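Quick caveat: nothing in here was measured; it's all calculated off a predicted structure. Whatever order the structure lists them in is the order used to number ligands and atoms, beginning at 1. If you read the sequence from its start, that first residue is 1, and numbering goes on from there.
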Amino acid sequence: MHIARTLPELRAALATAAHPAFVPSMGNLHAGHLALVRQAKPLGDATVVSIFVNRLQFLPHEDFDSYPRTWEADCVQLEAAGCDVVFAPRESDLYPEPQTFKLQPDPLLADILEGQFRPGFFTGVCTVVMKLFCAVFAGKSAGTAVFGQKDYQQLMVLRRMAQQFALPIDIVAGPTQRADDGLALSSRNGYLSEAERAEAVQLSLALRQLGEAALAHELPKHLPALEQSALKALTARGWQPDYLTVRRRSDLQTPNAGDALVVLGAARLGNTRLIDNLEI
Ligand code: PAF
């Protein structure tokens, strides 16, 4: 497994690859990331994983400084999963000067849900992913990038970015990996205390219940009341939910009868903010 710290090192490591398969990450890898790497492997002739904690996508009060950095363990796991190249740029290599040019995603998709509660988040994500794509796919006529479906809105935003810029990159979704009790795997689960960890599955249960209720009622008429009661129930358990909502899959707007649906939620448990979603 090659470790590339700089763009020239990455280009050298990928010199003979015609169609890289790429999994961008912020490190602190868990079984969810490793499933993406295994999924990526047959989709290209070199499997590349980036590890870069991207300052641009964190708000000032968020966990950029404390975000877990577990470089050695990440490399051991990536090697075992069959990764060919790890791209782990220093901040000064990826952002050699302040990034004054940024990619502004469609506000209709990016300023709702996560974007409403984390303003600027998707601008930071799109900007770094475009930079990473330029790094990994420069000079290649085709490529594949795999993103986890746990970050449902992120996946949609990045798909639209690839489509609107006509990038020769297939965007592939990796199914959410869950712990035995149903909690979606996430690096931020590591912040949970033992008691919080036992409680954490309630977010996915709340989404399932909301989804079942939505399927049993006329939409969109009853949706506000159903969402309010889901928010209230999770709040009563000690959570601080940002949103629990049913949207249509195609554009994450309020659904009409007959639309394919997804339930999305974000909520804070203690100091940890968790997100999850469920297609219904
Ligand atoms: O999902 C993530 O880990 C990050 O948002 C990504 C896509 C690697 C960009 O920093």
*Counting only N and O atoms by type, is there a donor-acceptor contact under 3.5 Å from the side chain of Gln99 to the main-chain atoms of Glu97?*
no
*With atoms numbered from 1 as shown, which atoms in ligand 1 lie under 4.0 angstrom from a non-hydrogen atom of Pro24?*
8 (C)
*Give the numbers and elements of all ligand 1 atoms closer than 4.0 Å to a heavy atom of Val128.*
9 (C), 10 (O)
*So, do Val129 and Phe22 sit near enough that their side-chain heavy atoms are less than 4.5 Å apart?*
no
_Between Asn54 and Tyr67, a side-chain donor and acceptor under 3.5 Å_ = no
*To which protein heavy atom is atom 3 (O) of ligand 1 closest, and what is the distance rounded to 0.1 Å?*
Met26 CG, 3.7 Å
*Any idea which protein heavy atom is nearest atom 2 (C) of ligand 1, and the distance to it?*
Gln154 NE2, 3.9 Å
*asked:* Heavy-atom distances under 4.0 Å decide this one: backbone, side chain, both or neither, for Ser50 against ligand 1?
replied: neither
*Less than 3.5 Å between some nitrogen or oxygen of Gln57 and one of ligand 1, yes or no?*
yes
*What is the minimum heavy-atom distance between Val53 and Arg69, and which atoms define it?*
CG1-NH2, 3.5 Å
*For Arg55, side chain to side chain contact (heavy atoms under 4.5 Å, CB included) partners two or more places apart*: Phe64, Glu91
